[in-house]
There are 2 protein chains.
Amino acid sequence: MSSEKSPLSPRIDKTGNIDILIAAAECFMEQGYHATSIDDVARRLGATKGRIYHYYRSKTELFFDVHREGMRRNFEAVTPVMKGPEPAARRLNAMFRQHALSMMENLALEAVVVQGVEMHRFGATTPEQRRTLAELMTVRNDFESLFKRVAYEGVEDGSIRTSDVSVAVKVALGAINWLSIWYRPRPAETRDDREILADKIVDSIMQGLNAPD
Amino acid sequence: MSSEKSPLSPRIDKTGNIDILIAAAECFMEQGYHATSIDDVARRLGATKGRIYHYYRSKTELFFDVHREGMRRNFEAVTPVMKGPEPAARRLNAMFRQHALSMMENLALEAVVVQGVEMHRFGATTPEQRRTLAELMTVRNDFESLFKRVAYEGVEDGSIRTSDVSVAVKVALGAINWLSIWYRPRPAETRDDREILADKIVDSIMQGLNAPD
DNA sequence: GTCTATATACTGATAGAC
DNA sequence: GTCTATCAGTATATAGAC
């Protein structure tokens with residue numbers, strides 16, 4: 001059905017497709033995109049292929065929609081804290097923190113987003129799929145630009161020091177995205193635990209490892 | 001024939017298998033493990049499957065060997081600079097720098113190593129493959145431990161400041177490993193260019209983004 | 001809207017010629 | 001040591017019953 005205006009508009013939920021997205025995200029996270037069959041996703045849903053192909057014309061489109069939902073949540077987490085009267089360094093700090101928390105709390109979706117980055121490697125796809133892929137990469141770049149913009153503000157207001165804003169942002173986001181590789185929630189984990197971890201990560205990013213002289 | 005003693009011993013080269021490893025690494029980097037067929041690898045070699053299956057019993061073993069070679073080069077790059085009379089912070093600095101350069105100069109191999117991390121998801125494998133996979137993960141952990149050890153030394157000699165050594169090292173290595181996602185060498189790139197980039201990355205990791213008061 | 005076939009294509013791995 | 005031919009297994013996607 002997907003009438004898709006903006007890549008950020010919530011196009012799901014009402015039809016109950018969110019179940020399919022979550023099931024797909026979990027399968028993709030655990031086994032990777034190519035190793036996951038539509039049957040796997042259906043099995044996790046407690047259904048059969050028929051249901052999935054009723055909503056999605058292809059496995060690729062399903063992947064794309066998971067990716068979209070993951071990015072939507074990324075923006076949702078970060079944009080509320082990026083503006084304000086504080087020095088840019090403090091706002092950037094908050095953005096990293098929010099992004100890290102979003103990674104932890106939407107682990108499956110975000111793991112797929114991370115996979116998606118390495119998936120300009122979609123080899124042979126239809127022209128339409130190519131366009132969608134380009135669109136997703138644009139959204140990713142826009143997300144990165146959010147951080148760059150605030151980082152530049154910080155260079156100007158003197159709250160941020162770096163030899164290269166673009167590299168510094170890539171380093172910071174890489175560190176956070178890497179969570180999708182090593183972070184797995186412990187059985188009785190609370191929101192507090194995640195916030196403590198997020199703070200440690202952001203502290204590493206903002207303060208670095210060198211002891212002050 | 002792979003007689004394999006240590007995961008780090010150079011078991012290749014002489015038979016010319018290194019060609020197969022490189023071709024496989026490039027395919028895996030561009031399309032991912034599952035999307036790459038043995039025919040793809042053979043085509044890149046300018047040969048057919050027969051040649052590959054003469055040296056490797058399965059696609060999985062081929063992947064494992066690429067991973068091994070990538071990790072071997074990682075150790076090779078980092079271990080020479082990890083000991084010495086300097087404060088631990090300086091040695092850690094050098095280790096990160098070497099690792100970043102190794103990522104850039106062995107891009108295909110290292111991209112496969114990065115994929116390998118997310119590949120405890122090998123689903124159904126033979127017991128032997130499970131053992132190999134566990135071995136590879138051990139090697140990865142040992143590599144990370146190299147950095148942790150020096151970071152702890154830094155905490156003790158006062159040259160390093162962090163709220164959590166383990167997290168800080170994961171953050172730093174994540175940032176560097178993320179290179180495999182976004183770094184692609186420009187056409188006329190020189191060693192100097194790579195060193196400049198590596199220095200910027202290491203600067204970000206060690207100094208952080210906050211301006212000194 | 002969901003399920004059960006089924007068509008079609010591809011891929012990992014093997015056997016045997018050269 | 002490399003190639004050709006081929007088998008068996010599996011996956012995407014479709015068609016049609018319910």
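Below, read A as the first sequence line, B as the second, and so on, with proteins coming before strands; counting in each chain starts at 1. Please read all numbers here as calculations on a predicted model, not as lab measurements.
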[X] [atom1] to [N] [atom2], straight-line distance once rounded to whole Å:
| X | N | atom1 | atom2 | value |
| --- | --- | --- | --- | --- |
| I52(A) | dT4(C) | CD1 | C1' | 15 Å |
| R51(A) | dT12(D) | CZ | P | 18 Å |
| I38(A) | dT10(D) | CD1 | P | 17 Å |

Set of side-chain contact (heavy atoms from CB on, under 4.5 Å) partners for P80(A), sequence neighbours left out: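 Checked P80(A) against side-chain contact (heavy atoms from CB on, under 4.5 Å); zero matches.
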Residue list, salt bridge (Lys or Arg N to Asp or Glu O under 4.0 Å) with R43(A), at least two apart or on another chain: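 Once residues adjacent in sequence are excluded, the partners of R43(A) under the salt bridge (Lys or Arg N to Asp or Glu O under 4.0 Å) criterion are D40(A).
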Residues that E76(B) engages under salt bridge (Lys or Arg N to Asp or Glu O under 4.0 Å), provided they are two or more places apart: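 E76(B) satisfies salt bridge (Lys or Arg N to Asp or Glu O under 4.0 Å) with R72(B) only.
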Pairing of K200(A) and D203(A) as salt bridge, 4.0 angstrom limit: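 Looking at D203(A) together with K200(A), the answer is no, because their closest N to O distance does not fall below 4.0 Å.
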For Y53(A), side-chain hydrogen bond (donor to acceptor under 3.5 Å, both in side chains) partners two or more places apart: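 Y53(A) satisfies side-chain hydrogen bond (donor to acceptor under 3.5 Å, both in side chains) with no other residue.
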With E153(A) via side-chain hydrogen bond (donor to acceptor under 3.5 Å, both in side chains) - residues at least two apart: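 Once residues adjacent in sequence are excluded, the partners of E153(A) under the side-chain hydrogen bond (donor to acceptor under 3.5 Å, both in side chains) criterion are R91(A).
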Contact nearer the 5' end of DNA chain C, comparing A47(A) with S58(B):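 Result of the comparison: A47(A).
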Sugar-phosphate only, base, or nothing, as touched by S37(B) at under 4.0 Å among non-hydrogen atoms: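 Touches sugar-phosphate only.
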Scan nucleotides 14-18 of chain C against the protein and return all N/O pairs shorter than 3.5 Å with their distances rounded to 0.1 Å.
none

